[in-house]
2 protein chains.
Amino acid sequence: MIDKEAADLLSQARDEFVAQWGAMGNAWGINRTMAQIHALLMTSDRPLTTDEVMADLKISRGNAHQNLRELTGWGLVRSVIRKGERKEYFEAEKDVWRMFCIVARERKRREIEPALKALKACDEQTRSLRGEKAVAFNRQIRALLEFVGQADSVLDRVSRSEGSSILPLLLKMLTKSKN
Amino acid sequence: MIDKEAADLLSQARDEFVAQWGAMGNAWGINRTMAQIHALLMTSDRPLTTDEVMADLKISRGNAHQNLRELTGWGLVRSVIRKGERKEYFEAEKDVWRMFCIVARERKRREIEPALKALKACDEQTRSLRGEKAVAFNRQIRALLEFVGQADSVLDRVSRSEGSSILPLLLKMLTKSKN
DNA sequence: TGATATTTTCAGTATTTATTGAAAATATGA
DNA sequence: TCATATTTTCAATAAATACTGAAAATATCA
């Protein structure tokens, strides 16, 4: 009975985690179901099949399939084939630092870089324009460009650095330099 | 005629910027129209009225109103009242670093902190559970918790630091330490 | 090869989110 | 106070996004 209770508590906690991770993904522009599947796989002690994901989250095959593919596309999930079995299994990258690096790189590639490119074009189109308004506009665009470019570089460097030890290190430095 | 052409080029560039900023906001979980209004005000040489925003973006009064309020709520936009005029004007924070700090703090408060709280609850609920599965689950949750907590702290420190000079500084340090 | 298991696709539908537009509320000036 | 300008609200509607389920395609085994 104790075991059963413990298992209940565990699966309850896991359900809450899955829901919370889904909500968070949602707020940051990531499909809720995708984030939930990710949470599920991240906290699974073994690879799961599409059917298991369907059953666990109570979603359709199509939905499970599409989102598993998308997660695979991000590189957050790998498909595993077991010899002697037809079914395809899925497992998540569990190392939190590697997870972060994957997400950082992908969002950089998919969203920041195109935005940077557009800002650059905008800068070039107005750089040589005369008139107070044009000059002010170009100045603002360049300020944005500089900032986004720097943020992009920082993200790049951090996500390329080896260990996750970079984060505590950064923290220490920031603590020293300020208050 | 040259002036007219220059003005056309400018407003064309600005339209593109507004569209791009809207798309980027959208990808990061921010209402497209809200991001567009922000882009518009950010690149305006003077405060604008609700009617001007409506006309420029071709959106309804209700839509303009709601999103201007929301931007005000974020602290990215201020309302300006001119003496002798009934209309309310709106102007954006134009300093890019301050903009970043505002967004960082707000997203921290609205999304990261609740997630952290939920993760902590999840940790506590499973910390004392026995069994291989429960232990593995708790370990994973704690790894996430540690990471999100550290990222949160870094964001906090960076966004509290005075000048925008912190970013180039970080960059320099990261360049030295790696490759 | 045929039987069976599994994956993929996608038109149709549901759900969520964003927008409109007009009525109600509020503020201002005469 | 009344007339007018302006802001606010919100039910109705539109648009965007996500999901379903079943048919088609593909893979595997005997």
Side-chain angles (χ1 to χ4, degrees), chain A residues 18-41 47-74 77-91 110-111, chain B residues 18-41 47-74 76-91 107 110-111:
Chain A
V18 168
Q20 185 64 30
W21 204 247
M24 206 183 146
N26 197 234
W28 289 84
I30 284 156
N31 178 312
R32 182 185 262 107
T33 303
M34 191 171 132
Q36 287 179 338
I37 295 178
H38 182 226
L40 195 69
L41 291 175
L48 301 181
T49 65
T50 302
D51 290 77
E52 285 172 313
V53 171
M54 286 166 61
D56 211 311
L57 299 179
K58 284 149 181 59
I59 59 178
S60 72
R61 181 173 304 284
N63 196 9
H65 176 78
Q66 297 271 37
N67 284 294
L68 280 166
R69 286 292 154 230
E70 187 129 351
L71 282 165
T72 306
W74 275 72
V77 163
R78 284 178 292 275
S79 108
V80 178
I81 26 170
R82 292 178 175 171
K83 52 188 174 185
E85 280 208 65
R86 288 198 190 178
K87 276 198 176 69
E88 189 176 14
Y89 286 76
F90 298 92
E91 68 178 3
R110 298 177 191 209
E111 290 137 20
Chain B
V18 168
Q20 186 64 29
W21 204 247
M24 207 182 143
N26 196 235
W28 287 84
I30 284 155
N31 177 312
R32 182 185 262 106
T33 302
M34 189 172 135
Q36 287 179 338
I37 296 178
H38 181 228
L40 196 69
L41 291 175
L48 302 179
T49 65
T50 302
D51 290 77
E52 287 173 312
V53 170
M54 284 166 65
D56 211 312
L57 298 180
K58 285 149 181 58
I59 58 176
S60 73
R61 181 173 304 284
N63 196 7
H65 176 79
Q66 296 271 36
N67 283 293
L68 280 165
R69 287 290 155 231
E70 186 130 349
L71 281 164
T72 306
W74 275 71
L76 289 169
V77 162
R78 285 178 291 275
S79 108
V80 177
I81 25 170
R82 292 176 174 173
K83 51 187 170 185
E85 282 208 66
R86 288 199 189 177
K87 276 198 174 68
E88 188 177 14
Y89 287 76
F90 298 92
E91 68 177 6
R107 290 208 89 144
R110 298 177 191 209
E111 288 137 21

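Residue numbering restarts at 1 for every chain, and letters A, B, ... go by the order of the sequence lines.
Straight-line distance from the CD1 atom of A:I30 to the P atom of D:dA18: 11 Å, rounded to whole Å. To the nearest angstrom, P of D:dT4 lies 16 Å from NZ of B:K87. Taking atom CZ of residue A:R86 and atom C1' of nucleotide D:dA25, one finds them 15 Å apart after rounding to whole Å. Straight-line distance from the CD1 atom of A:I81 to the P atom of C:dT6: 14 Å, rounded to whole Å. If you measure from atom CG of A:D51 to atom C1' of C:dT6, you get 9 Å, rounded to the nearest angstrom. Remark: C1' of D:dT6 and CZ of B:F90 are 11 Å apart, rounded to the nearest angstrom. To the nearest angstrom, P of D:dA16 lies 13 Å from CG of B:N31. In this structure, CE of A:M54 is placed 12 Å from C1' of D:dA22, rounded to the nearest angstrom.
Using bins of under 30°, 30° to 60° and over 60° for the plane-to-plane angle, the ring pair B:W28/A:W28 lands in the perpendicular bin.
Comment: B:R61 engages B:D51 in a salt bridge, judged by a side-chain N to carboxylate O separation of less than 4.0 angstrom.
Between B:T33 and C:dT19 there is a side-chain polar atom (N or O) within less than 4.0 angstrom of OP1 or OP2.
No side-chain heavy atom of A:R69 sits less than 4.5 Å from a side-chain heavy atom of A:W74. Looking only at side-chain heavy atoms (C-beta outward), B:M34 and B:L71 come within less than 4.5 Å of each other. Looking only at side-chain heavy atoms (C-beta outward), B:L57 and B:V18 come within less than 4.5 Å of each other.
Contacts between residues 34-41 of chain A and DNA chain D, defined by a heavy-atom separation below 4.0 Å, involve no residue at all. Near DNA chain D, defined here as any heavy-atom distance below 4.0 Å, the residues from residues 59-70 of chain B are B:R61, B:G62, B:H65, B:Q66, B:R69, listed numerically.
Using a 4.0 Å heavy-atom cutoff across all strands shown, B:N26 reaches sugar-phosphate atoms only and no base atom.
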